[in-house]
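Both ligands and their constituent atoms are indexed starting at 1 by order of listing.
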Amino acid sequence: MKVLVIGAGNMGLAYAKALVKSEFLSNHNLMISDTSPEKTEELKKISRFDVFTNLADCLPKADIIFIAVKPFHSDELFAELKPMMSPDQIVISIMAGVTIQSMQDGLGITKVVRAMPNLPAQVGKGLTSFTASNEVSRLELSTVENLLDTTGRSVRLDTENDIDASTGISGSGPAYVFYFMHSMMEAARKMGFSAHDSKVLVGTTFEGAVELFNKSDLSPEGWMKRVASKGGTTRAALDSMEDNNIKQLIEDAAYAAFNRAVELGKES
Ligand SMILES: NC(=O)c1ccc[n+]([C@@H]2O[C@H](COP(=O)([O-])OP(=O)(O)OC[C@H]3O[C@@H](n4cnc5c(N)ncnc54)[C@H](OP(=O)(O)O)[C@@H]3O)[C@@H](O)[C@H]2O)c1
């Protein structure tokens, strides 16, 4: 099986690197293409996979085509790909808001997967949600799942609406965590800690809390109860958050991302 990754940007490269690192694909079965000659020349020097600038040289050889360009490049890319596509090829797109129907129409094929990764894919800790057109067989779906799992974990969802919803949770979610971290680091700085110490205090606290959560069956609420005793310091902080309705604000933010994903889908 040969995989072609179109777009050697942040995400395309993260998947290409993860694919060759995993046992899922050998080097000579991975091709990567980008429009920028500078980028491809650099990649040829440093990478072990086949690098192309011209899609006609690689597309016909690919069984799975992984599209990782920005959504605003999709029309132009589809127009270039359409005359070269064959009906057996499977397209996996990670372009935000680009719907299955628009890919099927734009590319003239039926086997299409719409996936939504997140940033930690770049360090092998990503979460990719995905859904597929009915024409993708069960066996092909399991291959797709294995491919997506090389950058972390994947979750198969039933509908594109679920993909838009997952955008509001896992897709955009890392930024919510960074927002929280940033706020805590600013508080630490105001309390007099150095930039270095603020980073260590906050980064390690997040790392530890996440590990506790992932390694136990206890819910976040359960952990909060365990750490906050009546009249104590943590209770004071949690009460302040409750009084300011932070929970509702976070929910609103997640819905803002979900709604924007729906809007982008309609535009596409
Ligand atoms: N970054 C994330 O966390 C994240 C999360 C979820 C989904 N996504 C999706 O992932 C996709 C890629 O994002 P990114 O951050 O990796 O973007 P990026 O860094 O801009 O990478 C896209 C690459 O594709 C190249 N390209 C453009 N048109 C092309 C074409 N026709 N053929 C081959 N290559 C082409 C671009 O070249 P130029 O720079 O020369 O245009 C660029 O090198 C986006 O659709 C985004 O919605 C990203």
Check your understanding: After noting the C-alpha distance and the side-chain angles of Ser170 and Asn118, does the key distance pass the side chain to side chain donor-acceptor pair (under 3.5 Å) rule?
Key -> CA-CA 7 Å; Ser170 53; Asn118 67 7; 5.1 Å; no

Practice item. Determine, stepwise, if the pair Gln101 / Asp105 fulfils side chain to side chain donor-acceptor pair (under 3.5 Å). Key: CA-CA 6 Å; Gln101 187 65 56; Asp105 294 343; 3.0 Å; yes

Review point. Please walk me through it: do Ser129 and Ser166 pass side chain to side chain donor-acceptor pair (under 3.5 Å)?
Key: CA-CA 7 Å; Ser129 54; Ser166 75; 2.6 Å; yes

Review point. Could you walk me through whether Asp243 and Ser240 pass the side chain to side chain donor-acceptor pair (under 3.5 Å) check?
Key: CA-CA 5 Å; Asp243 291 347; Ser240 165; over 6 Å; no

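In terms of protein heavy-atom proximity, atom 5 (C) of ligand 1 is nearest to Pro117 O, 3.6 Å. Nearest to atom 3 (O) of ligand 1 among the protein's heavy atoms is Leu119 CD1, 3.4 Å. The nearest protein atom to atom 12 (C) of ligand 1, hydrogens excluded, is given as Ala68 O, 3.3 Å; this is a heavy-atom distance. Scanning all protein heavy atoms for the shortest distance to atom 24 (O) of ligand 1 gives Gly7 CA, 3.3 Å. Atom 8 (N) of ligand 1 has Ile94 O, 3.7 Å as its closest protein atom, hydrogens excluded (heavy atom only). Looking at atom 21 (O) of ligand 1, its nearest protein heavy atom turns out to be Gly9 CA, 3.1 Å. Nearest protein heavy-atom contact of atom 30 (C) of ligand 1 is Thr35 CG2, 3.5 Å.
Atoms of ligand 1 found under 4.0 Å from any heavy atom of Asn10 (numbered from 1 in listed order, with element): 15 (O), 16 (O), 19 (O). Close contacts between ligand 1 and Pro71 involve ligand atoms 44 (C), 45 (O), 47 (O) [criterion: under 4.0 Å to a heavy atom]. Close approach to Ala96 involves these atoms of ligand 1, each under 4.0 Å from a residue heavy atom: 45 (O), 47 (O). Within the listing of ligand 1, atoms 6 (C) sit less than 4.0 angstrom from a heavy atom of Met116. Close approach of ligand 1 to Ser33 (heavy-atom distance below 4.0 Å) involves ligand atoms 33 (C), 34 (N). If you number the atoms of ligand 1 from 1 as listed, the ones under 4.0 Å from a heavy atom of Met95 come out as 45 (O).
A salt bridge between Glu41 and Lys44 is present, with a side-chain N of the basic residue lying under 4.0 Å from a carboxylate O of the acidic one. The pair Arg153-Asp149 fails the salt-bridge criterion, with no side-chain N (NZ, NE, NH1 or NH2) lying under 4.0 Å from an Asp/Glu carboxylate O. A salt bridge is absent between Lys247 and Glu242; no separation between the charged side-chain nitrogens and carboxylate oxygens falls under 4.0 Å. Under 4.0 Å is where a charged nitrogen must lie from a carboxylate oxygen, and between Arg114 and Glu160 at least one such pair does. Ion pairing between a basic and an acidic side chain is recognised when a charged N comes within 4.0 Å of a carboxylate O; Arg260 and Glu263 show such pairing.
Of the listed residues (Gln122, Glu80, Lys70, Glu76), the one carrying the non-hydrogen atom nearest atom 13 (O) of ligand 1 is Lys70. For the residues Asp34, Ile6, Val5, the heavy atom positioned nearest atom 23 (C) of ligand 1 is part of Asp34. In the candidate list Leu77, Val69, Thr53, Ile67, Val69 is nearest to atom 29 (C) of ligand 1, counting heavy atoms.
Using cut-offs of 30° and 60° on the angle between ring planes, the pair Phe206 and Phe180 is perpendicular.
For Asp34 and Thr40, the side-chain atoms include no donor-acceptor pair closer than 3.5 Å. Checking Glu186 against Ser183 by side-chain atom types alone, no donor-acceptor pair falls below 3.5 Å.
Under 4.0 angstrom from ligand 1, the non-hydrogen atoms of Lys39 all belong to its side chain. With a heavy-atom cut-off of 4.0 Å, His73 touches ligand 1 through its side chain alone.
Checked by distance only, ligand 1 and Met11 come closer than 3.5 Å through their nitrogen or oxygen atoms. For ligand 1, the polar-atom distance check finds no N/O of Asn118 at less than 3.5 Å from any of the ligand's N/O atoms.
Of the listed residues (Leu13, Leu19, Ile6, Asp50), just one forms a side-chain contact (heavy atoms from CB on, under 4.5 Å) with Ile32, and that residue is Leu13.
For atom 38 (P) of ligand 1, the nearest protein heavy atom lies 4.0 Å or farther away.
Proximity of Gly171 to ligand 1 is not established, as no heavy-atom distance is less than 4.0 Å.
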